[in-house]
**Student:** 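Quick one: structure below, then a few questions.
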Amino acid sequence: MAKMEVKTSLLDNMIGVGDMVLLEPLNEETFINNLKKRFDHNEIYTYIGSVVISVNPYRSLPIYSPEKVEDYRNRNFYELSPHIFALSDEAYRSLRDQDKDQCILITGESGAGKTEASKLVMSYVAAVCGKGAEVNQVKEQLLQSNPVLEAFGNAKTVRNDNSSRFGKYMDIEFDFKGDPLGGVISNYLLEKSRVVKQPRGERNFHVFYQLLSGASEELLNKLKLERDFSRYNYLSLDSARVNGIDDAANFRTVRNAMQIVGFMDHEAESVLEVVAAVLKLGNIEFKPESRVNGLDESKIKDKNELKEICELTGIDQSVLERAFSFRTVEAKQEKVSTTLNVAQAYYARDALAKNLYSRLFSWLVNRINESIKAQTKVRKKVMGVLDIYGFEIFEDNSFEQFIINYCNEKLQQIFIELTLKEEQEEYIREDIEWTHIEYFNNAIICDLIENNTNGILAMLDEECLRPGTVTDETFLEKLNQVCATHQHFESRMSKCSRFLNDTSLPHSCFRIQHYAGKVLYQVEGFVDKNNDLLYRDLSQAMWKASHTLIKSLFPEGNPAKINLKRPPTAGSQFKASVATLMKNLQTKNPNYIRCIKPNDKKAAHIFNESLVCHQIRYLGLLENVRVRRAGYAFRQAYEPCLERYKMLCKQTWPHWKGPARSGVEVLFNELEIPVDEYSFGRSKIFIRNPRTLFKLEDLRKQRLEDLATLIQKIYRGWKCRTHFLLMKKSQIVIAAWYRRFAQQKKYQQTKSSALVIQSYIRGWKARKILRELKHQKRCKEAATTIAAYWHGTQARRELKRLKEEARRKHAVAVIWAYWLGLKVRREYRKFFRANAGKKIYEFTLQRIIQKYFLEMKNKMPSLSPIDKNWPSRPYLFLDSTHKELKRIFHLWRCKKYRDQFTDQQKLIYEEKLEASELFKDKKALYPSSVGQPFQGAYLEINKNPKYKKLKDAIEEKIIIAEVVNKINRANGKSTSRIFLLTNNNLLLADQKSGQIKSEVPLVDVTKVSMSSQNDGFFAVHLKEGSEAASKGDFLFSSDHLIEMATKLYRTTLSQTKQKLNIEISDEFLVQFRQDKVCVKFIQGNQKNGSVPTCKRKNNRLLEVAVP
Ligand SMILES: Nc1ncnc2c1ncn2[C@@H]1O[C@H](COP(=O)(O)OP(=O)(O)O)[C@@H](O)[C@H]1O
Ligand SMILES: [Mg+2]
């Protein structure tokens, strides 16, 4: 089923009237009230015919969502409530479907919402036109050109925080399908004076603040900038930060937008370098310097800034410095150089900054155009969007305001022309008679400004070109002469006496009555700004820059292309470009958006009636409505008109078969509308008075209510009837079902009763038969039981007899077996022996032992005495044998081992054994001696000639010859002595000379004492009263104590057959001459190394410290 389309109209749910043409009565008050009422209900758009009035809401409204775009898409202009989207849609469809180039003209004061409106139009068109990757890129580039241009061309003013300081006209180009191909942007007169100076409460262009707030430290360093705004003379400080504007975030947006639009990274960087250079130019300051010839000269105060600018731009510092101090004038072949005074130098600096910036801006526009230009040469359809600066009245109005307001005059002019023309054309098209209407035509003001012979701009140019001294005052004088009689020109000094006493008009000003109000212009600066003079030296210096962008901005600086002709003045340039624009606009189908500013506070919800009234007046909106209504207030094509009102007449309701026009005729006749109230055009009905329309609307409403009641009545009747029929049908169904159910139940009851009776009878019968059967069965059972008892008795008797028989047979067999056994034993006893078991046992045991030894033979461990291996024991009862065997084996292999020794080795081992018996576990020194072989004669006396005498003196065999330390009895110090042991004697000799010092026969040695510790001290005790004992006992220390003591012991034993007493104790007494001295071993500290030290403490004590 096709979806029912709901026809809506502008006239539905209107707040006030959506189209001012319908206002009744029409006057200023009702007009404003209507706007206010709508504004209070968030309806910021209102129509005057096809013109859209937009009141700035100063807050975001939820009326631009994608859903809204869908609502307005492909709908007729009057179908929905007024909206900027309706106008955009109308323009776009007219472009796409009827091949008409469009222009959208947005006018209004500064801050009225023009720029926002232009963006809304663009975004709407972008949303509804073709889709696809390529198209989307074009769209994105077109939309992203806005943030770039706004950063460089917009600034905060007292009227608007984001005021466009340039005029912008953008042509969007489409192909035949309505897909966007690209665009062209034209810019008009950037307000460049803002670069060097800003009025109170205003800012410089956004980009400066964005750069300083948003750039990374790295970028700032590269551009030689500091983040602090106050460092730059060109940035006004009083409103550097604006509420609701995030400069840093915007900087990122702009960089991003530049990328999308297609700026290369190096291009974007160059642009920022130029911006930085402009900022830094403002910091160059000059001081006066007088020269001898009396000419004034200026000098740069601090050259640092200049140096940095030159580094940034790649200009030779001396070239730029010279350009700031000299001016060269060339005429024909002559070249004259004059010095600049301080004021001129400042002028030159500012001129350079302004030119640099404005040329950069134009370059940006061209660069963007390059990116967004259509790539094909096919014929294009064009939609132009004009967002030009609004009419401006400031406290101080200068050349810029003059130019801006002139531009607005021209736009008003074109508005008047086009709306009236359009209206007239429609009447002609529709074949309707046209009546003239009065309105204010501002052509006269345009003429005052632009007239080629005596217009203000022409005067200004004339002044600028005139030889001789030219000042702003001479210009004003000229104006006073030429324009005095003009109705819209006012000046105190003009010959016209009207203003001689007007104190509101200062002498240095002139006033123009613009269509939008009177504006007082300060004449100061007009000449300079119109001349827009940049000294040639500066442009040449700029051309010499190695920075390619800057170089390209100053082509006139190229000495090869020197042009002595004056460039066109700013005024004439602007006039020419405005004229081209107007021509361009006239070829297109115009769509108007007239922006109105509801208050001066940039605040939401405030509707200042007097302010709005003023704008309505100068925008000529009332006249606009009047013109629109002069003939007929309302017009509508026949089809929608018939569709809307057909219910008012029986013939046309519900369907009219025939052409719509005759239907409308019939309808209007039937309604008896006076004939002069309407007129039939070719395709539209024209209604003269809104009253008639409202009457129609009222009737329609009434009729709609009646129709609604009718529909309601019929519907209710239908609903009741259908309900009743349904109930009736249901009742029959229910009754049928119930009857069936009841019958079913009755039948079931009868059936079950029959079954019960039947079952009772059957039961009774069955029981009777059962009784009989049971009786028969019992009789049979009784007979069987009796038979069984009888058989049982017989069987038991038989069993008893058989058992008796079997027992007897068994007894016979047993007795027979015993008898047989007895007989056999008696016969065989003589064959058995008594000791057979013992023999078997012994035999077995022998076998086991034999096996054990045979196995052991194979498992024998090695012959090494230190081998601890021994096979495990195989039988527990052989445990002691096994252990014994192990011991015997070990002893045997030890013997084997010893048998290998020579006699000498045997001796050594004997000595070692002896030493072990004497000292093991008694003296701590012992373990370290085990590894040392006992050599005895360490000192080879035979071989050393030094000891020849000593050798000769001894005849016996030398057992020990070794150097020992003899401890001095008196002080504990030691001296080296040769210690000699022979078979019978112990000798001490001088180490150097070999002379014998003492000789002790071994029989006189009674005892040897030593400590239990790890030291080599030992005392040799002598027999009391012997000859050798006269000096007392000896105390030695030796590295081979164990060996010496052992050998002394063995020798003494073999010679004297007495065991030498060896005392091991940490404290023992020695006899020194007459005294008994105690030798005491103590634990010493490590301080003296690992050598034990010996010290005589007193008469009775000698202390040895062992580490
Ligand atoms: N349709 C709108 N919805 C919300 N705010 C708006 C709208 N139009 C304008 N504004 C607000 O008004 C301010 C000024 O508008 P703008 O278009 O820059 O003025 P103009 O270009 O006419 O000087 C904007 O910054 C915005 O805050
Ligand atoms: Mg703007």
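When a ligand or atom number is given, it counts from 1 through the structure's own listing order. Treat the numbers as computed from the prediction; the structure is a model and nothing was measured.
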**Student:** Assess S118: does it contribute an N, O or S atom lying under 2.8 Å from the Mg ion (ligand 2)?
**Tutor:**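 Given the 2.8 Å cut-off, S118 does not count as a ligand of the Mg ion (ligand 2).
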**Student:** With respect to G113, determine whether any N or O atom, backbone or side chain, lies less than 3.5 Å from an N or O atom of ligand 1.
**Tutor:**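 Min N/O separation from ligand 1 is below 3.5 Å for G113.
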**Student:** Suppose we measure from atom 21 (O) of ligand 1 to each protein heavy atom; which comes out shortest, and what is that distance?
**Tutor:**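 I find the closest protein heavy atom is T115 OG1, 2.6 Å.
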**Student:** Give the residue and atom name of whichever protein heavy atom lies nearest to atom 27 (O) of ligand 1, and the separation in Å to one decimal.
**Tutor:**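 Minimum-distance protein heavy atom for atom 27 (O) of ligand 1 reads Y58 CD2, 4.7 Å.
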**Student:** Do NZ/NE/NH1/NH2 and the carboxylate oxygens of E267 and R367 come within less than 4.0 Å?
**Tutor:**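 Yes, this pair counts.
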**Student:** Quickly, which of L105, V52, L87 forms a side chain to side chain contact (heavy atoms under 4.5 Å, CB included) with N591? Name it, please.
**Tutor:**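 Checked L105, V52, L87 against N591; only one passes side chain to side chain contact (heavy atoms under 4.5 Å, CB included): L87.
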**Student:** Taking CZ in R59 as the centre, count heavy atoms belonging to other residues, nucleotides or ligands within less than 6.0 Å. Is the count above 12?
**Tutor:**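 It does: R59 CZ has more than 12 such atoms within range.
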**Student:** Look at T115 and state whether any of its N, O or S atoms is less than 2.8 Å from the Mg ion (ligand 2).
**Tutor:**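 Yes - counting backbone and side chain alike, T115 has an N, O or S atom under 2.8 Å.
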**Student:** Is there a donor-acceptor contact under 3.5 Å linking the side chains of E400 and S193?
**Tutor:**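 The answer is yes; a qualifying pair exists.
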**Student:** Provide, to 0.1 Å, the distance between atom 3 (N) of ligand 1 and the closest protein heavy atom, together with that atom's residue and name.
**Tutor:**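 Ranked first by proximity to atom 3 (N) of ligand 1 is P57 CG, 3.4 Å.
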**Student:** Taking distance alone, with no angle check, do N56 and ligand 1 share an N/O pair under 3.5 Å?
**Tutor:**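 Yes - when backbone and side-chain N and O of N56 are compared with those of ligand 1, one distance drops under 3.5 Å.
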**Student:** Taking only non-hydrogen atoms of A112, do any sit less than 4.0 angstrom from ligand 1?
**Tutor:**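 Heavy atoms of A112 do come under 4.0 Å of ligand 1.
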**Student:** Is the distance between the ring centroids of F361 and F166 under 6.0 Å?
**Tutor:**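 Aromatic pair counts; centres sit under 6.0 Å.
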**Student:** Would you check if the side chain of E109 reaches a backbone N or O of C595 as a donor-acceptor pair within less than 3.5 Å?
**Tutor:**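 Here the side-chain-to-backbone pair does not exist.
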**Student:** Just distances here: any N/O of Y64 and N/O of ligand 1 closer than 3.5 Å?
**Tutor:**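 N/O-N/O distance under 3.5 Å: yes.
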**Student:** Do any N/O atoms on I44 end up under 3.5 angstrom from N/O atoms on ligand 1?
**Tutor:**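 No, there is no polar N/O contact under 3.5 Å.
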**Student:** Output, in order, the C-alpha distance, side-chain angles, deciding distance and verdict of salt bridge (Lys or Arg N to Asp or Glu O under 4.0 Å) for R93 and D89.
**Tutor:** CA-CA 6 Å; R93 278 194 297 139; D89 194 67; 2.9 Å; yes
**Student:** Is a side-chain N or O of Q615 found less than 3.5 angstrom from the main chain of K597, in a donor-acceptor match?
**Tutor:**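 Yes, Q615 side chain to K597 backbone: donor-acceptor pair under 3.5 Å.
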**Student:** Side chain, backbone, both or neither: which part of N160 has a heavy atom under 4.0 Å from ligand 1?
**Tutor:**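 For N160, the contact with ligand 1 is made by the side chain alone.
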**Student:** Check whether any N or O atom of L120, backbone or side chain, sits under 3.5 Å from an N or O atom of ligand 1, and answer yes or no.
**Tutor:**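 Min N/O separation from ligand 1 is not below 3.5 Å for L120.
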**Student:** May I ask you to decide if E450's main-chain N or O and K575's side chain share a donor-acceptor pair within less than 3.5 Å?
**Tutor:**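 Indeed, once roles are kept as given, a pair shorter than 3.5 Å links the two residues.
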**Student:** How far is atom 26 (C) of ligand 1 from the closest protein heavy atom, and which atom is that?
**Tutor:**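 Nearest protein contact, heavy atoms only, for atom 26 (C) of ligand 1 is E116 CG, 4.0 Å.
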**Student:** Protein heavy atoms: any of them under 4.0 Å from atom 17 (O) of ligand 1?
**Tutor:**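 For atom 17 (O) of ligand 1 the answer is yes, since some protein heavy atom falls inside 4.0 Å.
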**Student:** Are any of the heavy atoms in S110 under 4.0 Å away from ligand 1?
**Tutor:**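 Contact present.
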**Student:** When you check the side-chain N and O atoms of N608 and N599, is any donor under 3.5 Å from an acceptor?
**Tutor:**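 Side chains of N608 and N599: no pair found under 3.5 Å.
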**Student:** Please state which protein non-hydrogen atom is closest to atom 23 (O) of ligand 1 and give its distance, to 0.1 Å?
**Tutor:**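 Here the nearest protein heavy atom works out to G111 N, 2.7 Å.
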**Student:** Just to verify, which of R165, K156, R194, K197 counts as forming a salt bridge (charged side-chain N to carboxylate O under 4.0 Å, His left out) with E202?
**Tutor:**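 Exactly one option meets the salt bridge (charged side-chain N to carboxylate O under 4.0 Å, His left out) with E202, and it is R194.
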**Student:** For N162, take its heavy atoms, then give the atoms of ligand 1 lying under 4.0 Å from any of them.
**Tutor:**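 That gives atoms 18 (O) of ligand 1.
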**Student:** Mark yes or no for whether R594, through its side chain, and V51, through its backbone, hold a donor-acceptor pair below 3.5 Å.
**Tutor:**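 No; zero donor-acceptor contacts below 3.5 Å.
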**Student:** So which bit of E109 gets within less than 4.0 Å of ligand 1, heavy atoms only: side chain, backbone, both or neither?
**Tutor:**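 Near ligand 1, E109 shows its backbone, while the atoms from C-beta on stay back.
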**Student:** Contact between ligand 1 and R59 is defined here as a heavy atom of the residue under 4.0 Å from a ligand atom; is it met?
**Tutor:**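 Yes.
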